[in-house]
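Keep in mind that this is a model prediction, so the values were computed, not measured.
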Amino acid sequence: MVGIKRDSVQTRKAAKKIGKGKKGKERFDEIDDEETRVVPWPKLLISRGPTTIVSRRISCRMEKLENKKACVREEGLSAFIKIFHDGDQEENEEVLDSILENYFLTYLDQMLNCLKKGLTKEKQLASQALGLLAIYVVETENADEIYRYTTSLVTELLRVPNKLLEPCGFIALIECLGIVTFFCASNTVEIQAAMQVIWEYICPKSKALKNQVSATTLSTLIYTWMFLLTRVYRLEIIFAWQGVISWFLTLLKEDATCVAAGEALALIFEYDKVDRFFVKTEELLSESYDGLRKYIKNIILKQLESTSMEAKTGPPLKQMFNNAARTDWDVLMYFKEDKRPKYYETFYEQKLILTSWSSITQLKFIKNFLGEEEFSNYLMENEVIQELFAFEPYYEEEETPTLYEPTFEKIETRVYLPGTRGKDPELLTKSQIKKEREQTKSIIDKSKTKLMNKRRTFAEERKGKGYFQEVVSAVSLFGLLS
């Protein structure tokens with residue numbers, strides 16, 4: 001059953017409201033019954049919330065998620081996914097904030113119901129919606145809620161055989177488990193527990209598990225396991241992973257998994273804790289760590305060189321290498337020459353440069369989950385993704401008209417009087433002197449008036465008057481004003 005933790009304060013309050021008028025244990029029977037479906041307490045919050053345009057929009061979408069028709073539920077899921085993708089837009093920002101603050105548990109409960117009851121397409125949409133929710137709540141108290149309920153349900157769905165579940169639905173569940181665990185798990189034990197679930201399908205011990213995994217899904221499983229490994233600090237590896245390197249060496253010989261297995265081996269060597277992933281034989285028990293590392297590296301390099309030679313001649317393997325965007329295969333160069341990988345992509349004319357296997361693994365997985373175009377938007381707008389890749393977006397400021405005013409103004413006026421040129425000022429008559437003075441004063445006054453008009457224009461433009469007058473003049477010109 002998808003329910004809410006019964007010992008929480010909110011659950012007891014909901015139980016008190018539902019069991020009003022009852023006594024003793026009877027008040028909690030409707031909540032604690034594990035066999036029946038109960039109305040979770042988050043739905044009570046909707047009726048208590050303010051009736052606004054935003055709340056009505058959210059309620060309308062949530063009603064679609066409870067519809068009996070799968071196509072209507074899928075439409076509702078797509079609407080919520082669009083809200084998350086366009087969360088930076090003003091029209092969706094308020095809706096997204098309201099979901100996270102006021103409707104989080106109701107939204108989570110409905111997503112989990114769609115994930116549990118829906119068919120392949122509905123499971124894909126619900127998995128993506130839960131993954132997007134995990135990215136947004138990573139730094140809030142709700143992160144633990146989404147981790148516990150999502151990972152519990154996804155693990156249950158994976159372990160119960162379902163003939164109607166298509167490979168794409170299986171992949172969606174695995175990616176949902178990976179993205180939710182990566183962003184919402186609080187410690188390394190929780191992360192490695194999810195890794196253990198995924199490893200059961202990478203290295204299946206039963207026929208039932210082996211039948212669920214195809215060649216295409218196996219690569220996704222490997223990349224998801226690697227993605228979670230990047231969150232585990234190398235000194236905190238506590239689960240038994242001793243057979244991992246040996247199994248990846250086996251997968252390195254397969255055409256469909258050679259690229260993924262090679263990158264997984266490179267990631268393990270980057271962590272520099274190969275003894276935690278390799279089973280020592282009797283001959284190697286007394287070997288030092290450096291000796292063991294060199295021994296394993298030679299085995300891997302030999303297999304990589306063999307695979308690389310086959311890639312030059314075998315069309316299927318060659319195509320696999322081309323799809324992985326590796327011209328000289330960075331994995332081979334890493335083991336052969338200790339050459340660190342250098343991977344970069346351009347987003348909106350800005351380069352994101354990565355130089356470690358862990359960051360490259362994270363980029364490939366998150367970009368595959370979000371989609372290439374959506375990942376570009378998240379990288380430019382979402383602070384969680386920016387912090388993960390240490391990316392600082394640069395925005396060019398739009399050029400806007402700016403009003404510049406001089407700090408110092410000076411007027412120079414030259415006065416030319418033809419009638420007095422060449423004459424000695426002492427020989428001028430009183431009337432000539434008066435006329436010259438008046439002409440000079442007139443020219444200076446006109447210059448002062450021109451300067452004052454200029455200052456008045458600047459003052460009007462600062463207040464927006466100038467623009468308004470230009471608009472009024474233009475409108476009057478076309479006869480739009482009576």
Side-chain angles (χ1 to χ4, degrees), residues 1-11 14 38 40-46 58 61-62 65-66 73 76-77 79-85 87 95-118 122-158 172-195 197-198 224 227-228 231 362 365-366 369-370 374 378 382-385 387-388:
M1 172 189 126
V2 180
I4 307 300
K5 188 177 179 181
R6 70 178 72 170
D7 61 350
S8 64
V9 177
Q10 291 88 346
T11 305
V38 299
W41 60 268
K43 294 184 180 180
L44 302 175
L45 298 178
I46 297 179
I58 297 173
R61 287 170 171 81
M62 287 186 172
L65 299 181
E66 297 177 346
R73 295 196 301 271
L77 288 168
F80 276 111
I81 291 171
K82 182 174 176 56
I83 290 174
F84 278 101
H85 283 330
V95 176
L96 182 57
D97 291 342
S98 183
I99 291 173
L100 298 178
E101 293 175 8
N102 304 321
Y103 299 92
F104 169 76
L105 289 172
T106 305
Y107 174 82
L108 175 60
D109 183 72
Q110 291 179 334
M111 292 298 109
L112 293 173
N113 284 333
C114 292
L115 191 67
K116 182 177 182 180
K117 300 177 181 179
E122 189 173 350
K123 276 181 166 58
Q124 285 181 287
L125 292 172
S127 298
Q128 189 175 13
L130 286 166
L132 295 174
L133 181 64
I135 294 175
Y136 275 92
V137 303
V138 60
E139 296 178 351
T140 67
E141 297 177 354
N142 293 327
D144 182 61
E145 296 285 337
I146 186 174
Y147 167 78
R148 287 190 293 115
Y149 295 121
T150 303
T151 54
S152 175
L153 177 60
V154 171
T155 303
E156 178 185 342
L157 293 174
L158 288 173
L173 291 175
I174 291 295
E175 290 180 342
C176 178
L177 177 63
I179 206 81
V180 170
T181 304
F182 183 89
F183 285 103
C184 296
S186 59
N187 55 65
T188 186
V189 176
E190 294 177 347
I191 296 171
Q192 292 184 72
M195 292 173 62
V197 173
I198 297 169
T224 308
F227 178 63
L228 293 180
R231 273 287 318 271
Q362 292 169 358
F365 186 89
I366 296 176
F369 178 81
L370 296 175
E374 296 299 339
Y378 273 74
N382 190 283
E383 293 182 0
V384 175
I385 303 299
E387 184 178 351
L388 179 63

* To do: Could you walk me through whether Leu125 and Cys114 pass side chain to side chain contact (heavy atoms under 4.5 Å, CB included), step by step?
  => CA-CA 9 Å; Leu125 292 172; Cys114 292; over 6 Å; no

* Partners passing side chain to side chain contact (heavy atoms under 4.5 Å, CB included) against Ser152 (at least two apart in sequence or in another chain) -> none

* Structure fact -> Applying ring-ring contact (aromatic ring centres under 6.0 Å, His included) to Tyr378 and not counting sequence neighbours gives His85

* Asked: Where the side chain of Tyr107 meets the backbone of Leu100, is there a donor-acceptor pair that is under 3.5 Å apart?
  -> no

* Determine the minimum heavy-atom distance between Tyr149 and Leu112, stating which atoms define it. => CB-CD1, 3.6 Å

* Asked: Stepwise, does the side chain to side chain contact (heavy atoms under 4.5 Å, CB included) test hold for Thr150 with Cys176?
  -> CA-CA 8 Å; Thr150 303; Cys176 178; 3.9 Å; yes

* To do: Begin with the C-alpha distance, continue with both residues' side-chain angles, and end with the deciding distance and a verdict on side chain to side chain contact (heavy atoms under 4.5 Å, CB included) for Met111 and Leu77.
  => CA-CA 8 Å; Met111 292 298 109; Leu77 288 168; 3.4 Å; yes

* Can you check whether Phe84 reaches Gln128 side chain to side chain, under 4.5 Å on heavy atoms? -> no

* Structure fact -> Residues Leu228 and Ala194: closest non-hydrogen pair is CD1-CB, 3.9 Å

* Measure across Leu157 and Leu115 and return the closest heavy-atom pair with its distance rounded to 0.1 Å. => CD1-O, 3.6 Å

* Structure fact -> When Thr140, Asp109, Ile146 are each screened for side-chain contact (heavy atoms from CB on, under 4.5 Å) with Phe104, the one that passes is Ile146

* Do you know the tightest heavy-atom contact between Cys184 and Ala143? -> CB-O, 3.3 Å

* Asked: Taking only residues two or more places apart in sequence, or in another chain, which ones meet Glu122 in a side chain to side chain donor-acceptor pair (under 3.5 Å)?
  -> Arg73

* Might you work through the side chain to side chain contact (heavy atoms under 4.5 Å, CB included) test for Thr224 and Leu177, ending with a clear yes or no? => CA-CA 9 Å; Thr224 308; Leu177 177 63; 6.0 Å; no

* Among Val197, Leu173, Leu130, find the residue that satisfies the side-chain contact (heavy atoms from CB on, under 4.5 Å) test when tested with Val154. => Leu173

* Asked: Phe369: what forms a ring-ring contact (aromatic ring centres under 6.0 Å, His included) with it, not counting sequence neighbours?
  -> none

* Taking side chain to side chain contact (heavy atoms under 4.5 Å, CB included) as the test, write out the residues that go with Ile366, two or more places apart. => Ile179, Phe183, Phe227, Leu370, Phe375, Ile385, Leu388, Phe389

* Structure fact -> Between the CG atom in Leu133 and the CD atom in Glu145, the distance rounded to the nearest 0.5 Å is 11.5 Å

* Asked: To the nearest 0.5 Å, how far apart are CG in Asp97 and OH in Tyr136?
  -> 9.5 Å

* To do: Can you tell me which residue pairs pass the side chain to side chain donor-acceptor pair (under 3.5 Å) test with a partner in residues 183-195, sequence neighbours excluded?
  => Ser186-Glu190, Thr188-Gln192, Gln192-Trp241

* If you measure from CD on Glu374 to NZ on Lys82, what distance do you get to the nearest 0.5 Å? -> 8.5 Å

